[in-house]
J.: 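My questions all concern the structure below.
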Amino acid sequence: MVRTEINTLLQRVSVGTRVNVKGWVRTFRSNRFISLNDGSTIHNLQCVVDFEKMDEELLKRITTGACLSITGILAESLGKGQKVEVLVENLEILGDSEADVSKGDVYPLQPKAHSLEFLREIAHLRFRTNTFGAVFRIRHAMTYAMHKFFHDRGFFNIHTPIITASDAEGAGEMFRVTTLDPKNPPLTENGEVDFREDFFGRQTNLTVSGQLEAELAALALGKVYTFGPTFRAENSNTARHLAEFWMIEPEVAFADLNDNMDLAEANLKYLVQYALEHCADDLAFLNQRALDEEKNKKKEERSEMSLLERLQFVVENPFERITYTEAIEILEKSKPNKEKKFQYPIQGWGTDLQSEHERYLVEKHFKKPVILTDYPKDIKAFYMRLNDDGKTVRAMDILFPGIGEIVGGSQREERLDYLRKRMQEMHIPEQELYWYLDTRKFGTAPHAGYGLGFERLLLFVTGMTNVRDVIPFPRTPKSADF
RNA sequence: UCCUCGGUAGCUCAGCUGGUUAGAGCACCUGACUGUUAAUCAGGGGGUCGCUGGUUCAAGCCCAGCCCGGGGAGCCA
């Protein structure tokens with residue numbers, strides 16, 4: 001018999017007919033009620049067995065985590081917790097799940113709340129929980145919506161390389177890619193490792209950004225975006241950093257910083273709106289989950305809005321757009337600065353903002369997403385377009401409540417002489433990036449783009465608080481299990 | 001990398017000023033009950049107190065080093 005997925009059965013169109021479901025047991029109550037989940041939805045299907053007619057040995061094997069194939073009649077439920085249920089006629093155990101601690105390997109998930117830290121240690125099984133089922137269904141929906149957003153606007157998806165030779169992007173420490181024998185590498189006359197003998201005949205690394213390659217494509221195809229994994233070998237241990245993460249990097253020819261901000265704001269709002277429309281059940285669960293978590297917090301640490309309210313708020317309200325210079329003025333006059341509550345007092349114009357300053361602007365002063373623009377050139381990358389004041393660049397960072405920087409972007413420096421000067425100032429060798437400079441030599445054009453951290457977006461959409469819980473298999477310093 | 005908190009049963013945690021045989025809830029096992037909603041009731045089993053060393057008559061508790069995890073910071077997306 002053909003299997004029907006639980007999300008289809010719960011729509012109640014086939015009540016009264018014989019159906020087959022396959023899934024994993026969440027709970028088995030009263031020797032009678034199986035709560036079955038098949039991943040198609042966060043909701044479980046209640047399957048009712050007549051224990052008087054069932055083989056007792058078979059009943060004992062219905063344990064949390066066991067995989068079952070059940071055939072029976074879909075009926076209106078007599079109980080109050082659900083609209084429909086399946087009256088079991090035939091039950092087959094596809095896979096047992098040991099529950100008896102004395103018998104060794106036991107299924108570690110119990111019908112109760114587990115800590116996220118514990119579930120991270122069993123990342124291969126955490127898909128089976130409500131929370132991670134919801135998170136990864138939403139992750140899929142956001143992936144799809146991301147492609148749809150750009151496709152619908154005439155963008156082309158570009159697959160930029162994962163292995164790169166350039167060592168000059170300055171976006172962070174890189175992972176080396178090599179096939180040389182680490183114990184006995186070929187050496188040059190100077191005694192250094194001879195990478196001419198390596199697989200690619202030179203040093204190579206995992207990409208830290210597809211931006212420079214995306215710019216090449218944008219200056220021919222017009223509007224492009226990348227969506228792929230990126231790698232940073234930074235020893236950063238925070239809830240917002242991964243060594244392997246996914247990034248979306250649009251790049252648009254003939255666009256300036258304002259176009260860039262408009263696109264990024266539309267991009268974020270589209271995705272949040274998509275989640276509200278298409279992931280309602282999973283979001284309702286995560287909303288309740290977050291509310292339950294909040295109960296354990298002190299009053300002053302609780303958020304003013306629920307997850308669903310925050311999402312709705314972002315969709316409905318324009319992001320605040322201010323320059324770096326204006327932000328410094330606000331921060332200098334701010335209460336915590338005057339009362340010396342900041343760990344890092346505002347040092348005046350020119351220094352980078354600390355996390356606590358960004359949080360003040362977003363969470364206390366404006367209480368909405370903020371786009372900061374026109375940063376001092378000395379604290380930003382070489383490729384950002386210099387403003388006429390000679391001091392600031394056409395950069396923009398989008399700051400989100402609870403998350404911090406979710407987007408970083410800029411109008412790119414399209415003028416060859418300015419770009420060369422900036423590279424010299426920052427000691428970036430031209431020959432490393434000759435191909436990048438070629439775009440400015442041959443038919444250069446104004447253009448702009450940004451990078452959007454996918455996991456940070458997912459933090460916001462799901463209400464989770466650690467990026468390790470929105471990617472299936474997190475890679476962080478000292479941790480690459482599974 | 002720095003600061004800080006933590007590591008006790010399969011899970012979540014308690015364990016006082018160092019002092020007898022290390023506790024609870026959930027999970028598990030046995031039994032009862034059977035329209036339950038993380039079912040309920042009774043009974044039972046279950047411990048390398050992160051690791052190594054030290055102090056002490058005595059260490060889960062104190063000291064040192066190390067490992068691992070959380071939170072914060074830096075760096076950034």
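Naming: A, B, ... by sequence-line order, numbering from 1 per chain.
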J.: Check this for me: does the side-chain of Arg240(A) come within 3.5 Å of the base of rC75(B) through a donor and an acceptor?
T.: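 There is none.
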
J.: Using atom P of each nucleotide, how far apart are rU30(B) and rU36(B) to the nearest Å?
T.: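 Per the computed distance, 25 Å lies between those P atoms.
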
J.: Over 60° means perpendicular and under 30° means parallel, so classify the ring planes of Phe454(A) and Phe227(A), tilted if in between.
T.: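 Rings of Phe227(A) and Phe454(A): perpendicular, over 60°.
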
J.: Output one line per pair: protein atom, nucleotide atom from nucleotides 47-51 of chain B, and distance, for all N/O pairs under 3.5 Å.
T.:
none

J.: How far apart are the C-alpha atoms of Val19(A) and Ile73(A), what are their side-chain angles, what is the distance that settles it, and do they pass the side-chain contact (heavy atoms from CB on, under 4.5 Å) test?
T.: CA-CA 6 Å; Val19(A) 297; Ile73(A) 303 296; over 6 Å; no

J.: At 4.0 Å (heavy atoms only), tell me whether Phe454(A) reaches a base, stays on the sugar-phosphate, or touches nothing.
T.: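 Nothing, no nucleic acid heavy atom in range.
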
J.: Are the charged groups of Asp38(A) and Lys22(A) less than 4.0 angstrom apart, N to O?
T.: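 Judged by the 4.0 Å cut-off on N to carboxylate O distance, Asp38(A) and Lys22(A) do not form a salt bridge.
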
J.: Expressed as a whole number of Å, how far does the C1' atom of rC51(B) sit from that of rC68(B)?
T.: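 rC51(B) and rC68(B) have their C1' atoms separated by 10 Å.
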
J.: So that I know where these two stand, are Phe319(A) and Phe400(A) an aromatic pair - ring centroids less than 6.0 Å apart?
T.: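 Yes, ring centres under 6.0 Å apart.
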
J.: Roughly how far apart, to the nearest Å, are rA73(B) and rG15(B) at atom C1'?
T.: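 Per the computed distance, 33 Å lies between those C1' atoms.
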
J.: Picking from Tyr144(A), Phe149(A), Phe150(A), what satisfies ring-ring contact (aromatic ring centres under 6.0 Å, His included) with Tyr270(A)?
T.: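 The single option meeting the ring-ring contact (aromatic ring centres under 6.0 Å, His included) with Tyr270(A) is Phe149(A).
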
J.: Gln82(A) side chain: which of rA38(B), rG72(B), rG35(B) is closest?
T.: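 My answer, after comparing the listed nucleotides, is rG35(B).
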
J.: Can we say Arg412(A) and Glu251(A) salt-bridge, meaning some charged N sits less than 4.0 Å from an Asp/Glu carboxylate O?
T.: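 Glu251(A) and Arg412(A): salt-bridged.
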
J.: Can you check side-chain contact (heavy atoms from CB on, under 4.5 Å) on Thr27(A) and Phe33(A), steps first, answer last?
T.: CA-CA 8 Å; Thr27(A) 61; Phe33(A) 304 102; over 6 Å; no

J.: Do Leu263(A) and Val252(A) pass the side-chain contact (heavy atoms from CB on, under 4.5 Å) test, and can you show the C-alpha distance, the side-chain angles, and the key distance before you say yes or no?
T.: CA-CA 10 Å; Leu263(A) 181 68; Val252(A) 185; 4.0 Å; yes

J.: Whether the side chain of His114(A) and the base of rC11(B) hold a donor-acceptor pair under 3.5 Å is what I'd like checked.
T.: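 Donor-acceptor pair under 3.5 Å: no.
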
J.: With C1' as the reference atom in both, quote the distance from rG47(B) to rU8(B) in angstrom, rounded to an integer.
T.: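 So the two C1' atoms sit 8 Å from each other.
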
J.: Report yes or no: do Arg289(A) and Thr131(A) form a side-chain donor-acceptor pair below 3.5 Å?
T.: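 Side-chain D/A pair, Arg289(A) to Thr131(A): present.
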
J.: Just say parallel, tilted or perpendicular for the rings of Phe136(A) and Phe127(A), cut-offs at 30° and 60°.
T.: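 Phe136(A) and Phe127(A): tilted rings.
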
J.: So, is Arg29(A) close to the rA39(B) phosphate, meaning a side-chain N or O under 4.0 Å from OP1 or OP2?
T.: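 Checking Arg29(A) against rA39(B): at least one side-chain N or O falls below 4.0 Å of OP1 or OP2.
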
J.: Expressed in whole Å, how much space separates the P atoms belonging to rC13(B) and rC76(B)?
T.: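 Each nucleotide's P atom is 35 Å from the other's.
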
J.: Would you mind classifying the nucleic acid contact of Phe33(A) as base, sugar-phosphate or nothing, using non-hydrogen atoms under 4.0 angstrom?
T.: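 Since a base atom lies under 4.0 Å of Phe33(A), the category is base.
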
J.: Strictly below 4.0 Å, N to O, side chains only: are Arg359(A) and Glu356(A) in salt-bridge contact?
T.: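 Salt bridge: no.
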
J.: Expressed in angstrom and rounded to an integer, what is the separation of Leu59(A) atom CG from rU34(B) atom C1'?
T.: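 Value for this atom pair: 13 Å.
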
J.: Sticking with atom C1', work out how far rC63(B) lies from rG45(B), rounded to a whole angstrom.
T.: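 So the two C1' atoms sit 37 Å from each other.
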
J.: Between N or O atoms, less than 3.5 Å apart, protein on one side and nucleotides 23-33 of chain B on the other: list the pairs.
T.:
from: rG25(B); atom 1: N2; to: Lys112(A); atom 2: NZ; distance (Å): 3.3
from: rA27(B); atom 1: O4'; to: Gln110(A); atom 2: OE1; distance (Å): 3.4
from: rC28(B); atom 1: O2'; to: Asp100(A); atom 2: OD1; distance (Å): 2.9
from: rC28(B); atom 1: O2'; to: Val101(A); atom 2: N; distance (Å): 3.3

J.: Fit a plane to each ring of His114(A) and Phe118(A), take the angle between them on a 0 to 90° scale, and name the class: parallel (under 30°), tilted (30 to 60°) or perpendicular (over 60°).
T.: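 The arrangement is tilted - the two ring planes meet at 30° to 60°.
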
J.: Could you tell me whether the phosphate oxygens of rU12(B), OP1 or OP2, come under 4.0 Å of any side-chain nitrogen or oxygen in Ser115(A)?
T.: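 Yes.
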
J.: Return no unless some side-chain N or O of Thr27(A) is found under 4.0 Å from OP1 or OP2 of rU36(B).
T.: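 Checking rU36(B) against Thr27(A), no side-chain N or O comes under 4.0 Å of OP1 or OP2.
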
J.: Who pairs with Thr476(A) by side chain to side chain contact (heavy atoms under 4.5 Å, CB included), at least two apart in sequence or on another chain?
T.: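 Checked Thr476(A) against side chain to side chain contact (heavy atoms under 4.5 Å, CB included); matches are Leu242(A), Arg468(A), Ser479(A).
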
J.: Could you tell me whether Val467(A) contacts a base, only the sugar-phosphate backbone, or nothing, with contacts defined as non-hydrogen atoms closer than 4.0 Å?
T.: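 Counting heavy atoms under 4.0 Å across all strands, no contact is made by Val467(A).
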
J.: With respect to the phosphate group of rA73(B), does any side-chain polar atom (N or O) of Arg359(A) fall under 4.0 Å of OP1 or OP2?
T.: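 It does, given that an N or O in the side chain of Arg359(A) lies less than 4.0 Å from OP1 or OP2 of rA73(B).
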
J.: For Phe342(A) and His357(A), take the angle between the two ring planes, folded into 0 to 90°, and tell me which bin it lands in: parallel under 30, tilted 30 to 60, perpendicular over 60.
T.: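 Phe342(A) vs His357(A) ring planes: perpendicular.
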
J.: Looking at Trp246(A), is its backbone amide N or carbonyl O close enough to the side chain of Glu455(A) to form a donor-acceptor pair, meaning the two atoms are under 3.5 Å apart?
T.: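 Yes: the side chain of Glu455(A) pairs with the backbone of Trp246(A).
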
J.: Can you tell me how far C1' in rG60(B) sits from the matching atom in rU48(B), rounded to whole Å?
T.: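 Taking atom C1' in both rG60(B) and rU48(B), they lie 13 Å apart.
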
J.: Can you list every stem that RNA chain B is part of, counting only runs of 3 or more consecutive Watson-Crick or G-U wobble pairs with both distances under 3.5 Å?
T.: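 For RNA chain B the paired stretches long enough to count as stems (3 pairs minimum) are B:1-7 with B:67-73, B:10-13 with B:23-26, B:28-32 with B:40-44, B:50-54 with B:62-66.
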
J.: Would His147(A) and Tyr225(A) count as a ring-ring contact (aromatic ring centres under 6.0 Å, His included) if you check the C-alpha gap in whole Å, the side-chain angles of each, and the deciding distance to 0.1 Å?
T.: CA-CA 9 Å; His147(A) 284 293; Tyr225(A) 71 104; 5.6 Å; yes

J.: C1' atom, rG74(B) versus rC3(B): distance in rounded Å?
T.: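 It works out to 11 Å between them.
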
J.: Quick check on Glu339(A): does its CD atom have over 12 non-hydrogen neighbours (other residues, nucleotides or ligands) under 6.0 Å away?
T.: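 Yes, CD of Glu339(A) has more than 12 neighbouring heavy atoms, counting only those of other groups under 6.0 Å.
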
J.: Distances under 3.5 Å only, N/O to N/O: pair up the protein atoms with those of nucleotides 68-71 of chain B.
T.:
from: rG70(B); atom 1: OP1; to: Arg120(A); atom 2: NH1; distance (Å): 2.7
from: rG70(B); atom 1: OP1; to: Arg468(A); atom 2: NH1; distance (Å): 2.7
from: rG70(B); atom 1: OP2; to: Arg468(A); atom 2: NH1; distance (Å): 3.0
from: rG71(B); atom 1: OP1; to: Asn466(A); atom 2: ND2; distance (Å): 3.3
from: rG71(B); atom 1: OP2; to: Asn466(A); atom 2: ND2; distance (Å): 3.3

J.: Contact list please: residues 242-251 of chain A against RNA chain B, heavy atoms, distance less than 4.0 Å, in numerical order.
T.: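 Heavy-atom cutoff 4.0 Å gives Leu242(A), Phe245(A), Met247(A).
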
